[in-house]
Novice: 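Sharing a structure below in structure tokens format, with a few things to ask.
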Amino acid sequence: MSDYDYDLFVIGAGSGGVRAARVSAAHGAKVAVAEEYRVGGTCVIRGCVPKKLLVYGAHFAEDLQDARRFGWDVPDCTFNWPVLRDNVLADVDRLNGLYTQTLDNHGVEIIHERATIAGPHEVRLASGRTLTAKYILVAVGAWPMVPDCEGAEYGITSNEVFHLETMPRRVVIAGGGYIANEFAGIFHEFGAHVTIVNRSDTILRGYDEQIRDRLLQISMMKGIDFRFNAPFEKVVKKDDGSLTVHMKGCDPIDCDVLLFATGRKPKTEGLGLENAAVELDGQGAIKVDDYSQSTCPSIYAVGDVTNRVQLTPVAIREGQAFADTVFDNNPHTVDYNCIPSAVFSHPPMAGVGMTEAEARNTLGSIKVYTSDFRAMKNVLAGRNERGLYKMICNAETGKVVGLHMIGPDAPEILQAAAIAVKAGLTKQAFDDTVALHPSMAEELVLMR
Ligand code: NDP
């Protein structure tokens with residue numbers, strides 16, 4: 001008989017927590033998972049999945065327009081936001097059910113309550129019950145960060161954006177990162193006037209400069225407005241319910257919805273981590289070693305709460321590695337090298353490995369190849385929107401150290417190409433591969 005109620009108690013049923021719980025249970029552990037909201041976490045409930053469905057929905061605006069150039073007689077179409085919203089939310093319900101079922105099938109007990117840490121082996125539930133576990137895994141994720149300014153409470157975050165009653169006419173988006181650019185594309189395609197306001201003079205810091213410049217150029221051409229170096233001063237709500245956003249250095253902007261997309265911070269506040277001497281870093285993230293073990297040996301943490309790489313597939317790998325290490329006597333760590341990522345903007349962009357600037361700083365001598373092209377479909381559609389692919393190589397070895405792209409289906413193409421980059425292939429290996437014609441992806445093997 002174990003001295004504890006459970007072998008593993010997981011706090012948070014998001015991507016990382018669910019993977020860790022189900023694999024640990026499959027390895028024979030007695031597992032419980034506490035979730036205060038809905039099983040599935042940010043990605044499934046109010047992130048990647050519903051966002052991607054909205055991106056698909058938004059793209060029809062351009063597809064319907066382009067279809068006319070391809071001979072289709074398309075009558076004037078109108079967009080019905082409540083229909084899409086409700087269909088997306090129904091799909092979220094479906095996935096929530098599937099995630100719950102997966103846990104049930106593996107014999108993981110789901111406790112629908114908030115849990116906090118009461119000690120190295122102890123959790124306290126909101127109902128007052130205390131439970132014990134040999135190991136505790138914290139997988140509570142991150143939460144939208146809202147800048148501290150007067151009237152900030154009138155804005156919404158990505159948590160609320162999927163539930164809007166009506167499609168706003170004018171949207172201001174604070175921030176210039178992933179969520180800002182993805183929702184700028186979505187709202188714009190649905191007919192809203194969008195202004196992105198960022199505190200700095202850049203969008204999508206961390207992505208290759210040329211690629212993000214291309215997105216900026218295309219977004220502006222489409223009619224999305226940008227304000228840079230414009231930190232928020234205050235937000236004023238008017239009698240008709242609309243808002244006026246005041247910023248430093250530029251004129252106030254009126255809008256119907258203000259979306260804060262200014263980063264996400266680890267959700268560690270009030271979690272009782274101090275009761276087990278679990279240390280946090282300066283950003284409030286749980287400090288962990290390569291095996292996701294915190295400064296308290298019985299407590300581990302995976303996913304966004306550790307602020308390593310805030311991406312779902314990374315959290316899933318961390319959850320898997322934790323379960324294998326602790327419950328299958330198979331210690332292994334996550335390889336953070338060459339993680340592909342994408343921004344589902346209109347058009348989308350994607351990248352893997354070093355940007356040109358990073359490669360210059362790290363390797364010194366590099367070679368850069370690009371292909372700047374107009375996709376065949378865009379040519380016939382009369383859409384003046386150019387894609388850009390960029391390959392960065394070590395000048396001495398020819399090894400591809402970075403691949404970045406913007407254009408239709410860039411994330412789909414990049415995922416496959418990332419395998420070659422991860423495998424350490426050279427530019428010559430790409431050149432040796434015969435082009436698949438006609439495709440956009442063939443540009444990968446034709447770059448000069
Ligand atoms: P990002 O980190 O991508 O961008 C945050 C933006 O907000 C930056 O432009 C930043 O400015 C600005 N900012 C940061 N702090 C403040 C502040 N205090 N006041 C004003 N502006 C501020 O965050 P997101 O919220 O867009 O997304 C959160 C995370 O979620 C992402 O980092 C990503 O890991 C994940 N995500 C991934 C997606 C994907 O894989 N496709 C989609 C959506 C989210 P500055 O220019 O100075 O950096």
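Counting starts at 1 for both ligands and their atoms, following the listed order.
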Novice: Counting only heavy atoms, which portion of A342 has something under 4.0 Å from ligand 1: side chain, backbone, both, or neither?
Specialist: backbone
Novice: In this structure, are over 12 heavy atoms from other groups packed under 6.0 Å from E62 atom CD?
Specialist: yes
Novice: Going by the order shown, which atoms of ligand 1 are within less than 4.0 Å of some heavy atom of K51?
Specialist: 41 (N), 42 (C)
Novice: Which of these, P147, C149, G263, C43, has its nearest heavy atom closest to atom 5 (C) of ligand 1?
Specialist: G263
Novice: Does the ring center of F79 lie less than 6.0 Å from the ring center of F60?
Specialist: no
Novice: Can we call the ring centroids of Y369 and F430 under 6.0 Å apart?
Specialist: no
Novice: Between Y135 and F322, is the gap from one ring center to the other below 6.0 Å?
Specialist: no
Novice: Does CG in D148 sit with more than 12 non-hydrogen atoms of other residues, nucleotides or ligands closer than 6.0 Å?
Specialist: no
Novice: Considering non-hydrogen atoms of the protein only, which is the closest contact for atom 16 (C) of ligand 1, and what is the distance?
Specialist: R199 NH1, 3.3 Å
Novice: Can K51 be said to sit on top of F344's aromatic six-ring, NZ or CZ under 6.0 Å from centre and within 45° of the ring axis?
Specialist: no
Novice: Considering only heavy atoms, does R205 approach ligand 1 within less than 4.0 Å through its side chain, its backbone, both, or neither?
Specialist: side chain
Novice: Determine the sole option in D304, V10, T116, L271 for which the side chain to side chain contact (heavy atoms under 4.5 Å, CB included) test with V140 is passed.
Specialist: L271
Novice: Quick one about R227 and T195 (side-chain donor to acceptor, distance below 3.5 Å, no hydrogens or angles considered), yes or no?
Specialist: no
Novice: Which heavy atom of the protein is the closest neighbour of atom 42 (C) of ligand 1, given with residue, atom name and distance?
Specialist: E182 OE1, 3.2 Å
Novice: Counting non-hydrogen protein atoms only, what is the nearest one to atom 21 (N) of ligand 1? Give residue, atom name and distance.
Specialist: T262 CG2, 3.3 Å
Novice: Looking at atom 34 (O) of ligand 1, what's its closest protein heavy atom, distance included?
Specialist: Q310 O, 2.7 Å
Novice: Determine the interplanar angle of the F183 and F187 rings, folded into 0 to 90°, and report it as parallel if under 30°, tilted if 30 to 60°, perpendicular if over 60°.
Specialist: tilted
Novice: Short N/O distance, under 3.5 Å, between V343 and ligand 1?
Specialist: no
Novice: Is any N or O atom of N198, backbone or side chain, closer than 3.5 Å to an N or O atom of ligand 1?
Specialist: yes
Novice: What protein heavy atom sits nearest atom 1 (P) of ligand 1, and how far away is it?
Specialist: G177 CA, 4.0 Å
Novice: Return a yes/no value for M145: is any of its N or O atoms, backbone included, closer than 3.5 angstrom to an N or O of ligand 1?
Specialist: no
Novice: Can you tell me the protein heavy atom closest to atom 46 (O) of ligand 1 and the distance?
Specialist: S200 OG, 2.5 Å
Novice: Among G206, G176, P231, whose heavy atom sits nearest atom 8 (C) of ligand 1?
Specialist: G176
Novice: Nearest protein heavy-atom contact for atom 30 (O) of ligand 1: which residue, which atom, what distance?
Specialist: R264 CD, 3.7 Å
Novice: Hey, is I179 touching ligand 1 through its side chain, its backbone, both or neither, going by heavy atoms under 4.0 Å?
Specialist: both
Novice: For L311, which part has a heavy atom under 4.0 Å from ligand 1: side chain, backbone, both, or neither?
Specialist: side chain
Novice: Among all protein heavy atoms, pick the one closest to atom 38 (C) of ligand 1 and tell me residue, atom and distance.
Specialist: Y178 CD2, 3.2 Å
Novice: Are more than 12 heavy atoms from other residues, nucleotides or ligands located less than 6.0 Å from atom OH of Y336?
Specialist: yes
Novice: Fit a plane to each ring of H59 and H346, take the angle between them on a 0 to 90° scale, and name the class: parallel (under 30°), tilted (30 to 60°) or perpendicular (over 60°).
Specialist: parallel
